[in-house]
Structures are given as C-alpha cells and as structure tokens.
Amino acid sequence: MSGGRSGKTPSSSGAVVDYDLIIVGGGLAGSSLAIALAGHGLRILIVEHQEKFRDRIRGEVLMPWGSLEAKRLGIYDLLLERCAIEAAYFSSFTNGSAPVVRDLLATTPAATCCVTFPHAEMQAALLKRAETLGTEVRRGNAVSGVTFGDLPRLRIGGDAREFSARLIVLADGRDSRLRSHLGFQVLHDPEQLVTAGMVLEGNINCSEFLAREARPTANTVNLFYDPAGGRMVIAMRIAPRRNRIYLIYHKDVLPKRLSGRHSVDEMIRQLRAVGAPGHWFDRARQVGPFASFDGSHRWVEDPYRDGVVLVGDSAAATDPAWGRGLSRTLRDVRLLRDRLLESSDWRSAAETYATDHDDFYGRMRRLEAMQTALLFDRGDAADKRRNHAFALFARDPTRVPDALGLGPEAPSDDQARARYFGEI
C-alpha cells in the first residue's frame, strides 16, 4: 500500500522504499501502466526526459486485438475522447485483384476495430491522465543511472540522490540507452524491409472508402500491395485534415532510402505507382519529418533482471511495417499489470511476466517472418511460391492467419506456415 505522496512505501520485505514503481518513459507503455495500476494504493513515479512529445514518424494505429488490450487497460475511451479515430473497416487493394473490404466489428473475435491517432497527442493525453490519477511525473531530465538489487535504485540527471523502488520499469523505447548500460543483450534480425513515413495535411481523407461499397459515415485503413514491385502502402487519417501514409518495401527495391524534402517527389511517385490515388497528393502537402527506417526485429530474451523489468519497445520491437508495435506494447503492459496485482512478490511476478512476454513475442516474430517472406521475398522462386499461395488463398481464405484480428493468437506453428506457403 502507498505511504502517501510525501511519505515512504514499505516493500513486501518490510524495507522502506521511495516508490512502489519507478517507470522510465512516459509514452504509451509507461503511462498506460501507471493508469492501469491507479486505485491500488501504489506510489508511482514516471520519469520522462522530453519536455514535449515529438512526432516519431511511426506508431499511430492500434490493430483490433490492440484495441481490446486498450479496453482491458481502461484507456480506450480516453483515447477516443482526446485524440483517436475508430476505423471500423480495413480495405486491401492488390494489383490485378478485386479490392477486399473487411468489416472489423463484424469479423474480429472481440468485435473491435482499428484506432488511429497522432502519436504525440496520444502520449500527452495518457501522461496527463496518469498524473491526474496520482502518479508523480518528472519531465525534462534523463535518468542517469539504474542499479539492480532487492531494492533497485535510480538517479535522475546530475542529482546525486538515488530513488529506491520495489520495481523499476524501463519503458524508454526501441533504442533504450539504459537497457544497454544495464547489460541486457539485444538480439536482432537482419534487415529485410524499409519503411518510409510522412504526414499529408490538407483537404483529403486517407481513410476514405475507395472501393465501390462506400460507407460515408465510417473510416477504413487503406492498404495497397504491389507483389511484383515488392512494395506496400498503408494510409490512414489520424486527425482532421491530417493523414499518415507509409511506403514499405524490400530493402533491395530502391537504391537509396527516402528522407527529407528532396525525396518527397520520389516518395509520391512510389506511392502512386503502388496504388495510392492521385487526388490525395493534389489536395495536400507533406508536413513534419519525413524519413525511412529499418524495421528488423530487436528483442531481449527474458526482459527482467534483479528488480528491473522491460516493457514495450525496450523489451522487443516488431517490424513497424505490420503496424503491431502499439498493440504489442499494450499486451506487455496488461500482462505485467495482471502479474503485479496477482502477487505481493513482485520479483516473482516480474519473472512470470517475462516468460509471458517471450512466449507471445516469439509467436509474433514467427508470424511476421512468414508474412515478410511470402509477400516481399525477391526472385523467380519467390514469385512462383507467391503466385501458388495466392491461388490457394482465393479458394481457401483460412490459409491466411488472421493476424489483424488475433495478433499473437493467430497460428504461426509449422503446420500454419506450411498451409500459408501452400506446402500442404
């Protein structure tokens, strides 16, 4: 139980600590965890080094299974109130094939849909809610050190004082500096896909219906796929007059990465070649940062050690080309919350969370490896395999794991892989 905002907190061993939980990072993972634990008598500190959140180029959609996690954590309605838009449909356009429009509310296990939002606004809304619910927030200073132990400790900036906690959570992102300094080994897959992202601002709606079955009162996420060119486009509205559009391509498709204003014209040329409608670019302009990034998986096996636990991208980062990073982060947060509330032995709870995390992340990594290989591998053999698999999909759609609706629960074992590639 909490000792009060100005007091000390007894740990389960009886030792007095400054906080029950210290969270490094006030973005989606850190703020959602604090919100999810509010009302349980815990003293929580969030340390966020940014004074103001910035556009990160990526991270603006929850998949339907991620929307379910947001509901379980109690943040879904807050997001809709402050910054989010529901996209109840998902529309796919593949060169040479009729468009496929999926009604997400009618076809997903929990009757959930995609949710889109500007990343920085989402972070600000969640951090503010965490603070309103009693979390102490310190902004503008980086954490300068973390020490493992029965009562792990943390230093902020140049302050010599150390703050103790029952548990320290690193939620400071894909390139976590503290993770490396603490000796967590980061594994990574070789680069395969490159993602370029930019914002289009103006009188357009990239969540409009482009297929014949238009539904003017609803939103859709639009996906365009060019198998022969090894390219994909994902587009969505994230706010009024503001849209995010991504070009995803195999690393060998373009001679150099697209980045900066001098590459905008080439980006638009590529987007249109894959299938994005020309009127989007006639009525809007590119604003904010524009860059490309490698999307290879990076992860830590067993993301807990001696009082310090990793969540979100600090623990593992999936390929952003598939848009599952935020959903995966919320799964981490929900798993950790559940384990902490189940037991007063937080070290054991964190160890169990780490096992939970490794299990579902491993399944997601296998699933994305399957999709990347089939959809983006280059060469004659890859083309033949792809054409064979697509012909089978047309006759039996169940061969395609429902990653959109099920996330890590979508089958990714050897039999699922063989069915997906048309080997059985």
Side-chain angles (χ1 to χ4, degrees), residues 53-63 79 82-95 99 101 113-125 193-211 214-226 229 231-249 253-254 256-293 295 320-323 325-326:
F53 292 117
R54 301 187 297 270
D55 186 350
R56 300 178 56 220
I57 303 178
R58 58 187 184 269
E60 287 153 329
V61 60
L62 285 175
M63 293 302 169
L79 292 175
R82 297 295 178 84
C83 59
I85 299 170
E86 289 183 316
Y89 296 85
F90 197 98
S91 302
S92 301
F93 303 83
T94 299
N95 289 353
V101 179
C113 61
C114 292
V115 173
T116 65
F117 39 69
H119 195 95
E121 282 85 338
M122 172 272 292
Q123 291 177 298
L193 302 182
V194 176
T195 299
M198 70 181 188
V199 168
L200 291 175
E201 196 172 82
N203 189 28
I204 64 166
N205 175 12
C206 289
S207 286
E208 66 178 318
F209 279 88
L210 300 168
R215 300 167 178 82
T217 61
N219 296 297
T220 186
V221 173
N222 282 307
L223 181 148
F224 308 89
Y225 173 51
D226 170 24
R231 300 171 296 183
M232 181 184 290
V233 170
I234 300 176
M236 67 203 80
R237 182 168 67 103
I238 58 174
R241 297 178 59 85
R242 192 174 177 192
N243 304 267
R244 178 70 79 185
I245 189 163
Y246 295 102
L247 172 69
I248 298 118
Y249 58 92
V253 167
L254 298 181
K256 62 179 181 179
R257 294 190 180 185
L258 304 174
S259 180
R261 294 194 177 279
H262 65 282
S263 296
V264 170
D265 288 345
E266 176 60 19
M267 173 72 162
I268 293 174
R269 191 184 75 80
Q270 292 287 335
L271 295 169
R272 296 182 70 164
V274 179
H279 69 264
W280 286 355
F281 311 105
D282 296 336
R283 303 175 189 170
R285 62 188 182 95
Q286 183 268 327
V287 297
F290 167 42
S292 299
F293 45 90
W322 303 109
L326 301 187

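Values in this document were obtained by computation on a predicted structure and should not be read as measured data. Just the heavy atoms: all of them, side chains too, but no hydrogens, waters or symmetry mates, feed the values below.
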Any residue meeting side chain to side chain donor-acceptor pair (under 3.5 Å) with [X], in chain and number order, not counting sequence neighbours:
| X | result |
| --- | --- |
| N95 | D226 |
| Y249 | none |
| E208 | H279, W280 |

Report yes or no: does [X] contribute a side-chain atom to a donor-acceptor pair with the main-chain N or O of [Y] at less than 3.5 Å?
| X | Y | answer |
| --- | --- | --- |
| N243 | S207 | no |
| S92 | L223 | no |
| T220 | S91 | yes |
| T116 | R237 | yes |
| Y246 | M232 | no |

Heavy-atom side-chain contact between [X] and [Y] under 4.5 Å:
| X | Y | value |
| --- | --- | --- |
| M122 | L62 | no |
| V221 | M63 | no |
| E86 | N219 | no |
| L210 | P277 | yes |

Salt bridge E266-K256, side-chain N to carboxylate O under 4.0 Å:
no
